[in-house]
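Working notes, beginning with the structure itself.
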Amino acid sequence: MRVAGNIKVCVEKIVPVTETIKRFEFRPVDGKPLPAFTGGSHITTFVANGNEVIERHYSLVSNPVDRSQYAISIRRDEQSKGGSIFWHDNVNEGDHLEVSFPKNHFPLSYEAKHHVFYAAGIGITPFLTMMADLKAEGKSFELHYAAKSKELCAYYDYINENYPGVCTFYFSQEEGSSRMTSASMAEHRIGSHVYFCGPVSMVNEYREAAEGYGYPIPAIHFELFAAAEEGPRNPFVVELASSKKEIQVPEGATLLETLLKEGIDAPYSCKIGGCGSCELEVVDGEVDHRDSFYRDEERKDLNSILTCCSRAKEGKLVLNI
């Protein structure tokens, strides 16, 4: 039985999904069953690149009931900081790496009478396991999925084969195809929960629209794959209230990166401002909130910061740590 620590795995198979997306399948090196997971879960991967370890988070796309393997899908992003490019260009079948136990910051709500998924591009990945769970339990759901074309639509054939009649596709580069819009949320039956995954702009648009249509906050769910770009990363100072130690957060670095570099055991998970795991209490100072976790009205009286993305508005922050 696995109880703690990372899991050593071997890359058993790499499968092209589209011209820009690859599926990586892992088997545990020790042959023991992998930890179980639920729909929407992700793992953290740790890949050695010389003296550097590239740490990234990816949604699991393998069947939740199959504990013999894990699989993830990665889109090559030329604008990335090296993670997806390294995976596409340097990771090969037979390579060994480490992965974390599965975590789930994007779980299904079992209070929903109907589940409605909105995916754009690689945002389809968490919904693959969610739909597998719901189908196995006989629950009601539907998928709306936007991509540039059928050829660039990840898992198009798989989705049509396994979930016929519940999926609507939107191809922006194909003549005659309609565009996916948030307006369709006005038509879902009472008791529906909506789930969004895709670019930051798409997720924010759909969240705001769902609230505008009257969806209760607990019925709106989302996951991000990248942090929003919200202005320059100016340097600032943080003081640790427990020790009075002052730390300089340099230009371009996040508060979380700086705390970890200083050897401070700061909590974190997603590193993109979407899950709230890195929240720390702010004793003094004004926060420049750059996360997607808090709602605007929550930020007015908030005395917390998500260290992975937010910063000081100016000067100094005092943290309760």
On a heavy-atom basis, which atom in Gly83 and which in Ile54 lie closest, and how many Å separate them?
CA-CG2, 4.1 Å
Under 4.5 Å between any side-chain heavy atoms of Ser59 and Phe127, yes or no?
no
What closest approach, in Å, do His144 and Tyr170 show between heavy atoms, and which atom pair accounts for it?
ND1-OH, 2.7 Å
Name the atoms and distances for all side-chain donor-acceptor pairs under 3.5 Å in residues 280-287, with sequence neighbours left out.
from   : atom 1 : to     : atom 2 : distance (Å)
Glu281 : OE1    : Asn320 : ND2    : 2.8
Glu286 : OE2    : Lys313 : NZ     : 3.4

Glu239 bridged to Lys316 by N-O distance under 4.0 Å
yes
With distance as the sole criterion, is a donor-acceptor pair present between the side chains of Tyr215 and Ser192 under 3.5 Å?
no
Are Ile85 and Asp77 packed together at the side-chain level, in the sense that at least one heavy-atom pair is separated by less than 4.5 angstrom?
no
With rounding to the nearest 0.5 Å, note down the distance linking CD1 in Ile74 to NE2 in His88.
6.0 Å
With a 4.5 Å limit on heavy-atom distance, are the side chains of Tyr268 and Thr307 in contact?
no
Over 12 non-hydrogen atoms of neighbours within 6.0 angstrom of NZ in Lys103:
yes
Judged by modelled atom types alone, do Glu223 and His42 share a side-chain donor-acceptor pair under 3.5 Å?
no
Test side-chain contact (heavy atoms from CB on, under 4.5 Å) on His115 and Met130; report intermediate values, then the result.
CA-CA 10 Å; His115 304 262; Met130 289 173 151; over 6 Å; no
May I ask you to list the residues sharing a hydrophobic cluster with Phe46, side-chain cutoff 4.5 Å, ordered by chain and number?
Val53
Evaluate the side-chain proximity of Val17 to Lys22: yes if any heavy-atom separation is below 4.5 Å, no if none is.
no
Verify same cluster id: Val15, Val99 (apolar side-chain graph, 4.5 Å)
no
His221/His193 aromatic ring centres below 6.0 Å:
yes
Just wondering, more than 12 heavy atoms not from Glu314 lying within 6.0 Å of its CD?
no
Is it the case that Tyr155 and Glu161 place a side-chain donor and acceptor less than 3.5 Å from each other?
no
Going through the distances and angles, do Thr254 and Cys308 end up as a side-chain contact (heavy atoms from CB on, under 4.5 Å)?
CA-CA 6 Å; Thr254 67; Cys308 69; 5.7 Å; no
If the plane angle is over 60° it's perpendicular, under 30° parallel, otherwise tilted; pick one for Phe26 and Trp87.
tilted
Where is the tightest heavy-atom contact between Leu259 and Ile247, given as atom of each residue plus distance?
CD2-CD1, 4.2 Å
May I ask whether Leu240 and Val318 are part of the same hydrophobic cluster, defined by side-chain heavy atoms of I, L, V, M, F, W, Y residues being less than 4.5 angstrom apart, directly or through others?
no
SB check Lys245 Glu262 (cutoff 4.0 Å)
yes
Would you mind reporting whether Tyr58 and Thr125 have side-chain heavy atoms less than 4.5 Å apart?
no
Test side-chain contact (heavy atoms from CB on, under 4.5 Å) on Phe171 and Glu151 and set out the steps.
CA-CA 10 Å; Phe171 302 124; Glu151 291 72 28; over 6 Å; no
Side-chain donor-acceptor pair under 3.5 Å between Ser140 and Arg189, yes or no?
yes
Do the side chain of Arg311 and the main chain of Asn234 share a donor and acceptor less than 3.5 angstrom apart?
yes
Which of parallel (below 30°), tilted (30 to 60°) and perpendicular (above 60°) describes Phe169 and Tyr145?
tilted
Is the shortest side-chain N to carboxylate O distance from Glu78 to Arg76 below 4.0 Å?
yes
Looking at the rings of Tyr195 and Tyr118, which for Trp means the six-membered one, are their centres under 6.0 Å apart?
no
I need the minimum non-hydrogen distance between Pro267 and Leu256, along with the two atoms involved.
O-CD1, 4.0 Å
No-hydrogen, no-angle side-chain donor-acceptor test under 3.5 Å, Thr38 and Asn104:
yes
Could you tell me whether a side-chain N or O of Asp95 sits under 3.5 Å from a main-chain N or O of Val91, the two making a donor and an acceptor?
no
Do Leu317 and Phe236 come within less than 4.5 Å of each other through their side chains, counting heavy atoms only?
yes
For the residue pair Ile72 and Ile43, what are the closest heavy atoms and their distance?
CG2-CD1, 4.0 Å
SB check Asp133 Lys135 (cutoff 4.0 Å)
no
What's the separation between atom OG in Ser304 and atom CD in Glu279, rounded to the nearest 0.5 Å?
4.0 Å
Would you check if Val194 and Phe117 make a side-chain contact, meaning some heavy-atom pair closer than 4.5 Å?
no
Closest non-hydrogen contact found for Ile7 with Pro35 is CD1-CD, 3.6 Å
Answer with yes or no whether the side chains of Arg27 and Ser68 bring together a donor and an acceptor at under 3.5 Å.
yes
Is there a side-chain contact between Asn90 and Asn49 in this structure, where contact means two heavy atoms from C-beta onward sitting under 4.5 Å apart?
no
Tell me whether Asp265 at atom CG has more than 12 heavy atoms from other residues, nucleotides or ligands lying less than 6.0 Å away.
no
salt_bridge(Glu205, Arg207) N-O dist < 4.0 Å:
no
Report the distance from atom CD1 of Ile220 to atom CZ of Phe196, rounding to the nearest 0.5 Å.
6.5 Å
